[in-house]
Amino acid sequence: MVNYLQILCGALVLLLALYYYLTSSFNCWKKLGIAGPRPSIIFGNLQSIALGQSSMSDVIKKMYDEYKNEPVFGIYGGSAPILVVNDLDLVKDVLIKDFPLFASRGLIMFPKVDRLQEHLFHLEPEIWRPLRARLSLVFTAGKLKEMFPLVVKCAEYLEKYLDTVTEKEGPVDCREIAAKYTTDVIGTCAFGIDMNAIVDEDSEFRRMGREMFAPSFKFAVTHTIRQFFPAIYTRLGYLMRSTKEADFFTKVVMDTINYREENNVVRPDFLNMLLELKRNPSQLENIELTDSFLASQAFSFFLAGFETSSSTIGQVLYELALHQDIQDKLRKEIRENLGENAGEGESLTYEQVKELKYLDAVFRETLRKYSIVPIIMRRVSANYTFKGTKITIPKDTRVWIPVYGIHNDPDIYTKPEVFDPERFTNNGISTRHPMSFLAFGYGPRNCIGIGFATFQSKVGLIYILRNHKVEVCEKTTIPFKSQNGSFLLTLKGGVMLKILKVE
């Protein structure tokens with residue numbers, strides 16, 4: 001009897017110790033006088049995401065709506081305190097004015113498990129700064145103009161492919177079609193490889209991209225353990241993750257770099273910059289340019305370039321299918337400025353795309369309403385007091401900017417649920433706070449490929465809409481519903497629409 005009692009007491013002590021370990025930080029925000037929702041054990045305030053019941057976008061918007069009148073509010077990611085900054089002036093301090101203190105994204109890295117993780121999005125400031133300076137040279141206006149004909153060529157293939165799609169007359173997943181196009185663009189502009197994703201259903205690059213974002217139980221479990229139980233993931237992550245993608249991209253990148261080096265091949269693309277870094281490692285002091293490190297940079301370009309742009313193109317088409325008047329107005333602008341036969345004997349130019357003001361407004365309004373990346377993440381490197389407040393946070397506190405909440409705040413954007421490109425005319429933009437539109441981030445650590453992503457998406461839309469139209473069908477998800485368990489904002493079930501030829 002005594003032995004059983006001792007075992008019971010021991011088990012109780014262990015449970016209490018575990019409970020204390022998991023909840024000991026839950027009084028952090030209360031001590032600092034910062035409001036916030038009540039957390040749950042293990043997952044904090046992100047339980048519905050971890051369990052695949054909601055998307056990150058829906059969770060962040062719900063919390064933002066509840067606490068938007070507070071300059072900041074506190075939540076917990078697991079047991080880790082996270083400060084969410086609502087006030088746009090404070091957002092500007094974090095992203096711009098006091099950026100040196102918020103240069104880190106605060107992401108945990110697992111280089112032994114995720115070999116392609118050492119890229120710009122994840123890297124800490126001491127490595128990020130010199131690498132960003134070098135890679136930024138790929139995305140200058142001059143370099144974009146050099147790559148522009150390569151993008152147009154992919155768009156011409158896309159337009160021809162759409163002619164075959166219209167013959168079938170059935171619903172198609174426009175996001176998948178856009179992903180084929182963006183995969184081809186990234187292939188030629190980053191890797192110098194013709195991937196044939198548009199016409200080849202078995203394209204290895206498209207298959208890899210599809211598998212990386214395909215929702216599955218294994219993916220959900222792996223992501224949850226990685227986010228909420230990093231110590232376990234560090235030790236056992238290799239059992240959960242396939243090395244197929246890492247092996248594939250590392251081989252492609254290094255084989256291409258070695259081939260170019262041996263044959264003196266020069267192209268105006270991303271891989272050429274990586275080759276220059278390999279030849280001149282002194283450009284990045286104290287950084288070991290391993291094969292995995294070089295492959296990671298190309299991998300991030302591939303990942304960000306095809307996924308976010310294809311989702312944006314898909315969501316533009318979704319809204320245009322719902323609003324035929326806006327679609328007709330945009331098509332009229334495209335035809336009047338470019339002509340119906342641009343690209344057939346007379347190629348589209350970089351300057352022509354810049355002149356399409358209504359296309360730009362439609363593009364920005366889509367990014368406003370459907371913020372692909374719903375939050376901006378930072379970590380403070382010293383104790384910090386927010387200007388004009390008595391709010392002080394300790395060193396290493398994680399900070400989130402609720403992009404999706406800000407973009408859908410009726411106090412910032414009247415009737416945010418309404419798709420209205422006129423918000424992004426000159427008059428509309430000038431009346432809003434500069435931090436009210438954060439689709440690509442802001443400040444020194446914003447998206448490095450803003451220009452590339454913008455032109456890639458706009459060129460694709462031009463060649464889709466010039467001679468084709470999109471309409472809703474019985475398979476279209478109306479109203480919009482985000483994919484549960486997803487960090488990036490995507491439409492559940494895909495962007496199912498009908499594509500028709502127009503005269």
Side-chain angles (χ1 to χ4, degrees), residues 42-64 75-78 80 82 84 104-110 113-114 116-117 119-123 175 179 182 209-230 233 237 240-241 245 299-300 302-312 314-315 366-367 369-379 398-408 438-441 445-447 449 453 480-495:
I42 300 178
F43 300 115
N45 298 107
L46 305 180
Q47 177 171 304
S48 60
I49 299 171
L51 299 180
Q53 299 168 338
S54 303
S55 67
M56 175 63 83
S57 301
D58 290 340
V59 169
I60 202 68
K61 185 177 186 301
K62 182 179 179 181
M63 292 190 291
Y64 176 87
I75 65 171
Y76 298 87
I82 300 170
V84 184
S104 171
R105 293 195 191 276
L107 297 170
I108 302 174
M109 295 183 62
F110 307 90
V113 179
D114 300 325
L116 298 181
Q117 199 180 34
H119 51 73
L120 279 180
F121 189 83
H122 285 98
L123 289 171
R175 182 177 174 277
T182 55
R210 192 183 296 117
E211 289 177 3
M212 280 186 284
F213 288 93
S216 68
F217 178 75
K218 181 181 179 182
F219 177 85
V221 171
T222 301
H223 181 74
T224 298
I225 293 174
R226 185 177 183 274
Q227 182 174 357
F228 295 100
F229 307 101
Y233 189 77
M240 308 172 197
R241 302 273 306 193
E245 292 90 354
F299 175 73
S300 68
F302 172 79
L303 210 59
F306 99 82
E307 175 61 21
T308 56
S309 291
S310 62
S311 292
T312 299
Q315 282 151 0
T366 302
L367 291 172
K369 188 175 180 183
Y370 304 104
S371 314
I372 304 297
V373 181
I375 56 175
I376 296 171
M377 295 174 283
R378 294 289 187 266
R379 182 177 64 201
R398 293 163 65 187
V399 174
W400 284 5
I401 312 298
V403 176
Y404 191 68
I406 293 169
H407 283 188
N408 288 276
L438 298 167
F440 293 102
R445 198 153 189 177
N446 65 349
C447 173
F480 186 96
K481 180 172 176 55
S482 59
Q483 178 67 49
N484 287 345
S486 173
F487 177 79
L488 300 178
L489 177 60
T490 56
L491 178 62
K492 185 177 182 180
V495 183

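These numbers come from a predicted model, not from an experiment.
- In this structure, CG on L367 lies 11.5 Å from CG on L438, to the nearest 0.5 angstrom.
- Every residue meeting the side-chain hydrogen bond (donor to acceptor under 3.5 Å, both in side chains) condition with Y370, not counting sequence neighbours, appears here in chain and number order: E319.
- Residue Q315 holds its CD atom at 9.0 Å from OG of S310, rounded to the nearest 0.5 Å.
- Shown here for G441 and I376, the closest heavy-atom pair between the two residues is CA-CD1, 3.7 Å.
- R445 places a side-chain heavy atom less than 4.5 Å from the side chain of R105.
- In this structure, the side chain of R398 does not engage the main chain of G106 through any donor-acceptor pair within 3.5 Å.
- Proximity of Y404 to M56: side-chain heavy atoms (C-beta onward) are nowhere separated by under 4.5 Å.
- Side chains of P402 and I60 form a contact here, defined as non-hydrogen atoms less than 4.5 Å apart.
- With contacts defined as side-chain heavy-atom distances shorter than 4.5 Å, the pair L491/R175 does not qualify.
- Taking D58 as the reference, S55, S482 meet the side chain to side chain contact (heavy atoms under 4.5 Å, CB included) condition, with sequence neighbours excluded.
- Contact annotation: the side chain of N45 never approaches that of V59 to less than 4.5 Å [non-hydrogen atoms, C-beta and beyond].
- Between atom CD of residue Q483 and atom CG of residue L489 there is a gap of 10.5 Å, rounded to the nearest 0.5 Å.
- Using modelled atom types, one side-chain atom of Q117 and one backbone atom of F110 make a donor-acceptor pair closer than 3.5 Å.
- The nearest pair of heavy atoms linking I82 to G77 is CD1-N, 3.6 Å.
- Residues L107 and H122 approach most closely at CD1-CD2, 3.5 Å, considering heavy atoms.
- Residues V373 and L488 are in side-chain contact: their nearest non-hydrogen atoms beyond the backbone lie under 4.5 Å apart.
- The shortest distance between side-chain heavy atoms of I75 and M63 falls below 4.5 Å.
- You'll find the side chain of Y64 stays beyond 4.5 Å of the side chain of I375, heavy atoms only.
- With E307 as reference, T490 is the one residue of T182, I372, T490 to meet the side chain to side chain contact (heavy atoms under 4.5 Å, CB included) rule.
- In this view, F440 satisfies the ring pair (Phe, Tyr, Trp, His ring centres under 6.0 Å) rule with no residue, not counting sequence neighbours.
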